Amino acid sequence: GLPANSENIGSILTGDIMLFGSDCLVLFYDDFATSYSYTRIGHIEDEEAFVNALSGGTVEVTFKAGE
């Protein structure tokens, strides 16, 4: 699993990338309140393009280091 430092974050924003537990990576496509604890990993900057990409069904996501 990945190193986890979970916290009760209260609210999720569209584009948030979170780790649930130590082995479940979650990409959020909507804003909402939550009582669950997550480890913050990052955020997708172009939330609208991300949400639009999800409308076609199955999506492949690739992570790479920033430049």
Side-chain angles (χ1 to χ4, degrees):
L2 296 167
N5 183 20
S6 62
E7 58 182 312
N8 187 332
I9 55 172
S11 62
I12 299 286
L13 299 177
T14 301
D16 279 349
I17 304 170
M18 304 280 190
L19 180 64
F20 184 70
S22 64
D23 61 358
C24 182
L25 193 62
V26 187
L27 285 71
F28 291 94
Y29 59 88
D30 204 358
D31 298 348
F32 66 97
T34 182
S35 60
Y36 290 104
S37 293
Y38 295 92
T39 301
R40 292 184 184 277
I41 299 294
H43 187 81
I44 295 168
E45 291 179 358
D46 191 344
E47 297 97 344
E48 186 175 339
F50 170 62
V51 172
N52 288 340
L54 297 176
S55 65
T58 302
V59 175
E60 182 176 318
V61 177
T62 304
F63 293 95
K64 68 178 187 175
E67 299 179 33

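In what follows, residues are counted from 1 in the order of the sequence shown. Quick caveat, the model's predicted, so the values are computed rather than measured.
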Are I44 and L25 linked, directly or through other ILVMFWY residues, by side chains that come within less than 4.5 angstrom of each other?
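Both belong to a single hydrophobic cluster.
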
Between V26 and F63, is there a shared hydrophobic cluster once you connect ILVMFWY residues whose side-chain heavy atoms come closer than 4.5 Å?
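Cluster IDs for V26 and F63 differ.
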
Could you go through residues 47-57 and list every donor-acceptor pair under 3.5 Å that involves a side-chain atom there, pairing it with any protein atom two or more places apart or in another chain?
| residue | atom | partner | partner atom | Å |
| --- | --- | --- | --- | --- |
| E47 | OE2 | H43 | NE2 | 2.8 |
| N52 | ND2 | E48 | O | 3.3 |
| S55 | OG | N52 | O | 2.7 |

Where is the tightest heavy-atom contact between I9 and I12, given as atom of each residue plus distance?
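Looking at all heavy atoms of both residues, the closest pair is CD1-CD1, 3.4 Å.
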
Just to verify, what does F32 make a ring-ring contact (aromatic ring centres under 6.0 Å, His included) with, not counting sequence neighbours?
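So F32 forms a ring-ring contact (aromatic ring centres under 6.0 Å, His included) with F28.
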
Evaluation steps, side-chain contact (heavy atoms from CB on, under 4.5 Å), between L27 and Y29:
CA-CA 7 Å; L27 285 71; Y29 59 88; over 6 Å; no

Could I get the full list of side-chain hydrogen bond (donor to acceptor under 3.5 Å, both in side chains) partners for D31, not counting sequence neighbours?
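Applying side-chain hydrogen bond (donor to acceptor under 3.5 Å, both in side chains) to D31 gives T14.
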
Which residue pairs satisfy the side chain to side chain donor-acceptor pair (under 3.5 Å) criterion with at least one member in residues 32-42, sequence neighbours excluded?
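Pairs touching residues 32-42 that pass the test: none.
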
Other residues, nucleotides and ligands only: do more than 12 of their heavy atoms fall within 6.0 Å of CD on E45?
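Result for CD/E45: open.
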
